[in-house]
There are 4 protein chains.
Amino acid sequence: MRAITIGPTFGSKNLKLVERPEPTPRRCEVVVKVLAASLNYRDLRVVAGTYHQDFPHELVPVSDGVGEIVSVGPDVSRVVVGDRVCGVFFQRWVAGQLDPADRAYQLGGPLDGMLSEYVKLDERGVVKAPSHLSDVEAATLPCAGVTAWHALVTEGNLKAGDSVLVLGTGGVSLFALQFAVAAGAQVIVASSSDEKLVRARAIGAAGAINYVRTPEWGEDVMRLTGGRGVDHVVELGGPSSFAQSLMSVRPGGQIALIGYLGGMEGSINPFEIFRRQARVRSTPVGSRASHEAMCRSMEINGIRPIIDRSFAWTEAAAALDYMSEGKHFGKITLTFS
Amino acid sequence: MRAITIGPTFGSKNLKLVERPEPTPRRCEVVVKVLAASLNYRDLRVVAGTYHQDFPHELVPVSDGVGEIVSVGPDVSRVVVGDRVCGVFFQRWVAGQLDPADRAYQLGGPLDGMLSEYVKLDERGVVKAPSHLSDVEAATLPCAGVTAWHALVTEGNLKAGDSVLVLGTGGVSLFALQFAVAAGAQVIVASSSDEKLVRARAIGAAGAINYVRTPEWGEDVMRLTGGRGVDHVVELGGPSSFAQSLMSVRPGGQIALIGYLGGMEGSINPFEIFRRQARVRSTPVGSRASHEAMCRSMEINGIRPIIDRSFAWTEAAAALDYMSEGKHFGKITLTFS
Amino acid sequence: MRAITIGPTFGSKNLKLVERPEPTPRRCEVVVKVLAASLNYRDLRVVAGTYHQDFPHELVPVSDGVGEIVSVGPDVSRVVVGDRVCGVFFQRWVAGQLDPADRAYQLGGPLDGMLSEYVKLDERGVVKAPSHLSDVEAATLPCAGVTAWHALVTEGNLKAGDSVLVLGTGGVSLFALQFAVAAGAQVIVASSSDEKLVRARAIGAAGAINYVRTPEWGEDVMRLTGGRGVDHVVELGGPSSFAQSLMSVRPGGQIALIGYLGGMEGSINPFEIFRRQARVRSTPVGSRASHEAMCRSMEINGIRPIIDRSFAWTEAAAALDYMSEGKHFGKITLTFS
Amino acid sequence: MRAITIGPTFGSKNLKLVERPEPTPRRCEVVVKVLAASLNYRDLRVVAGTYHQDFPHELVPVSDGVGEIVSVGPDVSRVVVGDRVCGVFFQRWVAGQLDPADRAYQLGGPLDGMLSEYVKLDERGVVKAPSHLSDVEAATLPCAGVTAWHALVTEGNLKAGDSVLVLGTGGVSLFALQFAVAAGAQVIVASSSDEKLVRARAIGAAGAINYVRTPEWGEDVMRLTGGRGVDHVVELGGPSSFAQSLMSVRPGGQIALIGYLGGMEGSINPFEIFRRQARVRSTPVGSRASHEAMCRSMEINGIRPIIDRSFAWTEAAAALDYMSEGKHFGKITLTFS
């Protein structure tokens with residue numbers, strides 16, 4: 001079978017199409033024929049060699065994908081041949097908090113990811129894909145979808161009537177917007193692009209802020225919430241936007257630190273967290289239980305991921321380059337047929 | 001001013017229209033000119049003298065209503081004259097669990113209720129009415145609405161994608177249906193009337209069960225949930241339906257015991273709770289914090305209470321008699337102008 | 001190696017000492033040389049053939065035990081050879097709620113249990129034993145200890161200052177007593193034996209009730225709690241004691257249904273749950289996360305399980321017969337050396 | 001009656017002993033004859049005029065105290081004359097989250113505090129003092145005690161076996177130490193004084209760190225917890241210690257931002273919160289429900305506040321000056337007889 005690897009030299013132009021033996025499932029393992037994959041910023045950094053962890057060389061990158069189970073090893077009871085499944089981002093994180101001992105079991109580095117015709121996964125590390133989704137749609141869920149769900153619902157206890165500020169319009173942000181709207185929340189989206197804000201409104205955003213035009217956008221959020229502040233901030237900007245996020249949240253409100261698309265540099269006085277009485281929390285992606293609960297909500301509420309564009313999986317380098325331009329709105333996906 | 005009282009002889013025909021002095025607000029009190037009220041089964045029992053608590057004679061019955069603040073006493077800071085407010089069912093239950101010491105502070109008995117042109121309430125015992133609701137709509141919230149919200153959301157942590165079984169189509173049941181649908185949940189309604197089930201579907205129920213036609217309706221619930229069982233049961237039937245509710249809930253699922261419309265008689269083997277691994281919970285109505293959160297969700301999601309019919313408040317006896325016939329679908333309300 | 005099996009004929013006299021091949025660890029598996037085991041009522045019923053589930057014939061019974069890892073298969077990362085570990089009762093229940101798909105992965109039936117010189121377990125189904133405990137002490141934790149911890153702490157959110165009613169003085173009850181005392185709670189123990197109550201007091205019980213002498217012992221609990229009622233009931237009696245448990249709990253308090261030592265027969269009117277505003281919950285044993293958290297508390301608080309008596313593992317039949325007499329106080333254990 | 005006020009000129013030397021009319025209780029009010037009071041850093045700043053809020057001039061400062069109810073107004077039902085009660089710091093915060101509308105109802109500014117022979121409080125703003133405590137002991141609870149309890153128990157869900165890092169040995173820190181030890185947790189205390197660390201150990205601290213001697217004391221915490229990190233940090237240092245607190249906490253662990261004894265200046269890169277996967281939370285003092293639960297734990301576990309020294313209340317200026325020297329260990333209290 002064919003797979004694409006990265007390392008020991010990095011950058012999308014150093015991705016290599018290689019031949020590997022087709023995997024055979026051992027105890028509790030399943031072999032999945034990959035149908036589609038999708039890209040996250042994490043993959044961009046892994047391929048660029050700038051991710052904040054070191055991974056094995058000749059890694060098969062890309063964490064997110066969906067496929068069909070084509071064979072199962074001994075002792076498999078959760079799934080059967082023919083099931084269409086996504087891999088769980090943290091292969092061993094079943095529920096509750098992530099056990100530090102299980103931290104390294106991440107798809108797309110350190111574990112081999114989905115840029116491969118066949119992948120071998122533990123049966124406990126797969127979740128059935130929602131039946132109403134196409135392959136490329138289902139492929140977008142494991143990292144981006146679960147991150148949004150785990151932060152807002154599992155950890156954030158989002159309830160109908162809550163207000164949510166979503167920063168940016170990347171993959172996690174759009175899932176957060178869709179999940180929050182389906183849950184009966186009021187969502188404000190902040191973006192640097194008026195055009196993307198128009199699209200966010202079409203998906204259900206009740207408020208829209210161009211954070212380039214109003215650098216003190218925390219005041220906009222206060223105004224849009226009648227002076228109350230939002231219950232939840234889905235913070236993807238990182239250090240550069242954190243100060244305004246703190247200005248946007250109500251006393252007792254939550255800020256979920258998820259990404260750092262604005263870079264890793266910046267500083268705040270932590271006394272501001274004290275003064276604003278915020279709850280600031282960072283959780284990596286999410287558990288299998290979050291993944292499964294998210295799928296149930298997507299099915300019941302007919303939620304479909306926003307897809308920007310699809311590439312053939314063998315053109316992953318072009319897809320990553322396209323992602324790095326930052327012009328997309330929705331997920332960039334890879335097809336395998 | 002005029003008010004209607006009940007006791008020491010009971011029954012709707014013994015309701016008396018009486019003249020009482022107009023109230024004057026003391027420290028932390030507000031006087032509310034009542035605009036509308038609404039009826040609950042609790043009121044029916046209070047007026048009939050069959051409620052499971054004894055109340056003062058010459059009680060002003062009816063817990064739920066809305067009005068406009070016409071005067072405020074010293075030290076009032078939460079509201080101002082002109083605000084349109086609902087009374088909070090438990091006047092002193094602010095948040096968290098109900099303090100047993102505050103249990104007696106219930107409107108409509110032991111405290112005087114809303115069948116009165118003016119009522120005097122502590123400023124901490126009122127909540128602003130959602131602005132998109134008419135007076136009769138807003139009047140339905142304090143007992144029926146808050147009970148549904150507190151059980152499903154505050155105590156039940158309802159999340160998008162959950163499944164909910166709602167028993168009956170009374171006031172609490174219809175609110176539970178509306179709140180759950182707005183929260184992105186999947187709702188199954190059980191009723192004895194096919195016609196009411198059609199109306200429940202129109203409000204958003206995804207499944208409908210006629211429990212008269214299928215006495216073993218727990219099996220229907222299992223079938224409708226693909227063998228999974230529901231995450232939540234809003235149990236209003238009481239002892240007579242509890243056994244089937246237990247058959248309907250998934251392991252680890254919740255049953256909120258709210259009413260006993262099917263009577264107070266019946267028995268189960270509590271071993272069945274053990275065997276089904278259910279969580280069974282009873283909470284009375286809900287807190288002011290629940291009331292406020294419910295209002296936010298109603299505003300954001302444009303939820304309007306289902307109204308069956310309105311009577312003039314001076315015809316409360318006729319309204320109660322109409323309620324006891326059990327043919328209504330939605331709330332029975334009383335107008336004051 | 002030698003093992004003891006039960007079935008297809010049941011009863012302790014039909015336990016058979018058999019020779020089986022020594023296990024070889026496959027992917028993610030470890031082989032454990034068993035050092036000690038301990039008995040639960042569940043084992044008594046499994047061996048008697050009266051448990052409320054059917055299990056495979058020639059089952060190796062007994063869920064609880066501790067041993068040393070002697071070999072590991074491929075891909076094992078959580079433990080190493082030489083670690084002293086307990087098996088997790090539900091082999092696949094990592095955290096959160098038990099996934100119904102993982103329900104059958106119980107040690108001591110349907111999965112083979114600990115009456116065996118060597119056992120083979122998934123590395124995700126073992127937990128390091130607290131270092132301050134002897135082998136027989138550590139062997140008592142997986143079912144009895146974890147059940148008490150999961151019910152009171154994980155599900156019950158027990159906090160310092162809470163009051164706890166523990167029914168009986170069996171294995172789960174004594175763990176519940178010890179865990180609650182170490183957590184700063186006030187514990188009342190109910191037993192049929194004055195002698196056992198004296199011993200329960202010595203372990204830290206602040207109150208003691210002989211439920212044979214006072215059949216309406218709910219009143220005693222009310223008196224001992226100054227009319228408040230307890231925050232938690234650890235209910236092991238089953239249907240026969242449930243009515244008094246309901247009389248003992250404060251409004252909003254919790255009843256954890258764990259066992260049915262008084263038999264499975266009995267009935268209540270579920271309206272009583274409504275009237276008492278109780279939270280009644282049943283959870284089976286507990287997760288690995290509960291097991292691990294329990295071990296940390298035992299280490300930090302120097303908690304040692306109460307041991308009644310030890311038998312050689314080859315005398316398991318005698319040990320089970322001794323258990324069925326019900327005279328023990330503390331765990332009955334089996335040694336393997 | 002006599003009272004002590006501050007403002008419009010500030011500093012302890014501008015405290016004035018004044019004569020005021022004895023208060024008369026109105027609806028829902030009680031009058032309390034003050035028996036003892038105690039000091040917090042907040043009082044020091046209020047009197048110095050450097051608190052980060054403006055308060056009314058001629059304010060009666062000092063939030064914490066205990067007294068006996070000597071008269072009650074109409075409609076009082078929670079307490080009776082003769083009850084010994086503490087004032088609740090936030091007079092209107094009953095339970096759950098603090099309603100921003102109730103934020104200004106703080107004793108000791110903006111509301112008059114306890115430096116007064118008699119104080120008038122709403123009956124909903126008092127809690128019975130634990131009976132085993134002396135007056136000066138009971139006087140220390142409302143701000144310092146409740147802050148520690150609310151942060152660790154109500155918000156932090158502290159459980160037996162958890163590890164807790166407490167920064168400093170001020171009032172909140174010592175309560176946190178005592179409450180955590182009684183709850184079966186393992187506590188590490190960090191202080192600049194070896195002598196204070198010896199005393200912290202005597203109260204139950206399992207680990208002690210001199211943060212002056214080891215500026216990178218996060219490493220010490222890691223070493224003392226076997227590389228795991230603590231579950232909870234009670235962070236009183238403020239911006240200057242926050243970076244090391246982040247190094248001390250386990251992934252998923254909690255940092256409760258409570259004080260800023262090291263000053264309000266400093267900065268961190270919020271990316272560190274992301275990288276450490278911490279939960280950072282700031283909550284002001286706590287609710288009445290927290291106050292009551294704390295009292296139950298103190299009674300059941302026989303916890304007595306650590307008292308450094310008592311002054312006559314008329315020597316409040318000397319007591320505040322003594323506090324500002326920072327040599328005390330335990331609470332500084334004021335007596336009224």
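Hydrogens, waters and symmetry mates play no part in the numbers below; they use all other heavy atoms, side chains included. A quick note: this is a predicted structure, and the numbers were derived from the prediction, not measured. Sequence lines set the chain letters: A, B, ... in the order given, protein chains first and strands last, and positions in each chain run from 1.
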Do A/Lys159 and B/Trp149 touch side chain to side chain, with heavy atoms closer than 4.5 Å? yes
Side chain / backbone / both / neither for A/Ala185 at chain B, heavy atoms under 4.5 Å: backbone
All heavy atoms of B/Ile300 vs all of A/Gly161, minimum pair found to be CD1-O, 3.2 Å
Most heavy-atom pairs under 4.5 angstrom with chain A, which of B/Ala182, B/Gly184, B/Ser163? B/Gly184
Do other residues, nucleotides or ligands put more than 12 heavy atoms under 6.0 Å from B/Met247 CE? no
